[in-house]
Amino acid sequence: MKTKKQFYIPEGFAHGFLVLSEKTKFVYKCTDLYHPEFKDGIAWNDKEVGI
């Protein structure tokens with residue numbers, strides 16, 4: 001890994017990422033166990049979110 005960049009995302013904060021390279025590794029830590037019932041995301045064009 002060359003850049004070794006990292007950033008903090010607060011718990012409960014909606015986030016997303018886009019990978020443009022086939023060599024990219026995206027690793028993250030969680031504050032709780034994985035809950036598959038919450039695996040879905042938020043659509044960028046959701047009228048309720050208002051992005």
Side-chain angles (χ1 to χ4, degrees):
M1 189 179 335
K2 291 181 182 180
T3 61
K4 298 183 182 180
K5 293 182 180 181
Q6 61 182 336
F7 57 94
Y8 174 74
I9 301 171
E11 183 176 354
F13 190 85
H15 62 282
F17 58 92
L18 172 66
V19 176
L20 300 176
S21 168
E22 292 184 21
K23 297 178 181 179
T24 300
K25 289 185 180 180
F26 189 87
V27 181
Y28 56 93
K29 293 183 178 184
C30 299
T31 56
D32 201 349
L33 297 175
Y34 174 67
H35 296 283
E37 65 272 21
F38 300 125
K39 69 176 176 59
D40 295 331
I42 300 171
W44 67 270
N45 59 351
D46 186 319
K47 301 276 189 217
E48 290 186 36
V49 176
I51 297 176

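In what follows, every heavy atom counts, from backbone to side chain, and hydrogens, waters and symmetry copies are set aside.
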Co-members of the apolar cluster containing Leu20 [side chain, <4.5 Å]: Leu18

Sequence-distant partners of [X], side chain to side chain contact (heavy atoms under 4.5 Å, CB included), two or more places apart:
| X | answer |
| --- | --- |
| Thr24 | Val19, Ser21 |
| Ile9 | Phe7, Phe13, His15 |
| Tyr8 | Pro10 |

Smallest separation among heavy atoms of Asp32 and His35, with atom names: OD2-NE2, 3.5 Å

query: Would you say Glu37 has more than 12 foreign heavy atoms packed within less than 6.0 Å of its CD?
result: yes

